[in-house]
Amino acid sequence: MSKPRVIYWFRTDLRLHDSPALKAALDLNPEAFYPIWCWDSHYVYRARVGVNRWQFLIDCQNDVSQSITKLNPKSKLFVLREPAVTLLPKLFKKWNITHLVFEKDTDAYAKARDQQVLESAKSAGVQVIIKSGRTLWDSDEIVKANRGQPTMSLTQLQNAGNRLGDIAKPVETPTSWPDPGDMDVDFEHQLPHPHPDFNEEGRNGIDWSFQSGIAGPNGDFSAPTLDELGFPPATTPYKGGESVIMRQLEELLADEEFIGKFEKPKTSPAAFSPQSTCLTSPYLHFGALSCRYFYHKVEEILVRRRKQRKTVSTPPTSLHGQLLFRDMYFGAQAAIGPAFSQTYNNGHCRFIPWHLPSKVDPETRLVTGGYEVDDEEKEQWLHRWTHGMTGFPWIDAIMRQLRLEGWCHHLARHSVACFLTRGGCYISWERGAEVFEELLLDHEVSCNAGNWQWLSCTAFFSQFYRCYSPVAFGKKWDEDGEFIRKYVPELRNFPKKFIYEPHKAPIADQRKAGVRITGNGSQTTQDGVPIYPKPMFDFSERRDICMQGMKDAYKAGMYGNDPKVLDGTWPSAFSDNSEGPTAGNEAGPGGLSSWQEADGSEEVFAEIGLPQNMSKPHGKKRQASQSTLDGSLMKKPGKK
DNA sequence: CGTCCGGTTGGGACA
DNA sequence: GTGTCCCAACCGGAC
């Protein structure tokens, strides 16, 4: 019998420590072992990925590659420039593969992709081993233990977890690494279709990461560079990689007071250099840090402190609580599926007639990626929020920190999310989720969608009268406005008295601080003088309007799968002057205020085999992150 | 892990 | 010692 020839397919598990899937692969004692990464067109073109997350991913890939090479100089992370669905069948054949091993993924897109890979493996006679390692418990098992229902509260998650038993102990880190086999990739290189490219706006050049052949420009299977992807240099100060976080974690764990007494609500959203929290989320996202490893390391400290009769914090506010919330969102997504990241046809998401609603396809019941501009003013508010030009310094500082660094504190996210949705703009949480998707290093589909639902009071949380003030909340943490001075530098020298409401400062104070408070954010200087915009609305006025709107929507009591939401008769449940596009008795499905049939652009994409829900967005380049498999592929003439 | 407002409480200054 | 005023700190309710 021939010895195993194994492909280990790295995805969002870019680590060597505590990887049950990697251990299972190595336990096969393979004759040839191929640790690979398939460069995926979904990530390159169809997901919204900003430059900072690109850099972080590439850091993680290079780091794991170096760790592999340390164990075996003949090996590394072999990055192959072709999507898995077309590439793997060719590799199975060319490399005589007997086993394919990977970590289980729960995102809708990844699930569809993996299903397709599973089928091709089956027909090629390749054995597939899949292990769970991305969450504390296997999310599908959690759902079963929760009577098939999505985990919509931490208690549900904890009860389901208790039924499943203890969180798996970390598995050992490999100390040796088998040789790869022959690396022949002399077969047809199938290029993914580059259109539509939703990351076009972020690029300053064209993407040519697929153009240089399967093994890349040097033929050495290296990870693409930002330059190859057509991106400018990244601006984040954070560096990806398993070895980076393992070093940082050692320092974090050394501070047993901090770990043992950690309470999220007591950490400051205004703290920077250093931040008030651990900043492990980007590493958890890419799997550079195992959540189970982290959980058990924290547990060791808690056990020690309990023995010493020292105080320990508990879920939901403790560090364990944060990891449990993550599992809760994964469990919710695992049960609800692709609809989890949208309102339409989501029975667990309250229907609220937000402005700028997502366009939907009543056939597939998925969002199409575009949104409707029901009100030009709201479109401008969204733009100003996105770019940190709202005229509310606390909000703008957070949004600029997010864009620049790819991260902001959890409570800061609360603040800006509340402001965009139920506590200010009354704009769809799905618009905010898209912006976060692009900008966050730690963007996790389930956590992002779940937290936006939480903050907008459409699911998980419902006390909409708890509304963050863009002035008071920041002041509570940072009276002097140091955070604002750091990220909104035009206000650096503004008097403390007015730093949260600069438009209230007398002209003399403005002149002294070297900035004028004027305009709508479309300019940064006027007559050579730096300017900062006036607030884009009266906050307390907007808060009252939003709260009344939320009351109306809660009274209507509809969810995303309500027949009236599905067929567009939902406005009959609202008075015409309720906030949002609520006039009349009929509108479009979802929260749309009108409904037109496809405008023709959809057909173009249908032609190249793009699934409906990934069809070109109307007007703006936007798309759903959680969508079905990107099947759009085209053949490059000739061989590699 | 909301904010605002109004009412109560309690300590200190002072008559 | 006691009454009164002031104000900050705290608390509970409404939204």
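This is a predicted model, so every value here is computed, not measured. Letters A, B, ... mirror the listed sequences (proteins, then strands); counts begin at 1.
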Exercise. What string of B, S and - do you get for nucleotides 8-15 of chain C, 5' to 3', when a contact is any protein heavy atom under 4.0 Å?
Worked result: -------B
Problem set entry | Salt-bridge present (A/Arg400, A/Glu490; N to O < 4.0 Å) | yes
For this session: Compute the ring centroids of A/Tyr532 and A/Phe498, then answer whether they are less than 6.0 Å apart.
Result: no
For this session: Using heavy atoms and a sub-4.0 Å distance, could you list which residues of residues 470-480 of chain A are near DNA chain B? By number, please.
Result: A/Ala472, A/Phe473, A/Lys476
Exercise. Aromatic rings A/Tyr500 and A/Trp394: how do their planes relate, parallel, tilted or perpendicular, breaks at 30° and 60°?
Worked result: tilted
Seminar exercise, completed: Note: chain A reaches DNA chain B at heavy-atom distances under 4.0 Å over the stretch, first to last nt, 5' to 3', of B/dC1 to B/dC4
Exercise. Are A/Glu444 and A/Arg134 ion-paired here, with the side-chain N under 4.0 Å from a carboxylate O?
Worked result: yes
Exercise. Charged N to carboxylate O under 4.0 angstrom, A/Asp478 versus A/Lys486?
Worked result: no
Exercise. What's the verdict on side-chain contact (heavy atoms from CB on, under 4.5 Å) for A/Trp429 and A/Thr458, showing C-alpha distance, side-chain angles and the deciding distance?
Worked result: CA-CA 9 Å; A/Trp429 63 266; A/Thr458 53; 3.8 Å; yes
For this session: Sequence neighbours left out, what pairs pass salt bridge (Lys or Arg N to Asp or Glu O under 4.0 Å) with at least one residue falling in residues 531-542 of chain A?
Result: A/Arg542-A/Glu579
Problem set entry | Residue pairs passing the salt bridge (Lys or Arg N to Asp or Glu O under 4.0 Å) test where at least one lies in residues 246-268 of chain A, sequence neighbours excluded | A/Glu256-A/Arg304, A/Glu257-A/Lys261, A/Glu257-A/Arg305, A/Glu263-A/Lys266
Exercise. So, A/Arg292 side chain and A/Pro170 main chain: donor-acceptor pair closer than 3.5 Å or not?
Worked result: no
Problem set entry | Sequence neighbours excluded, every pair satisfying ring pair (Phe, Tyr, Trp, His ring centres under 6.0 Å) that has a member inside residues 290-311 of chain A | A/His17-A/Tyr293, A/Tyr295-A/His320
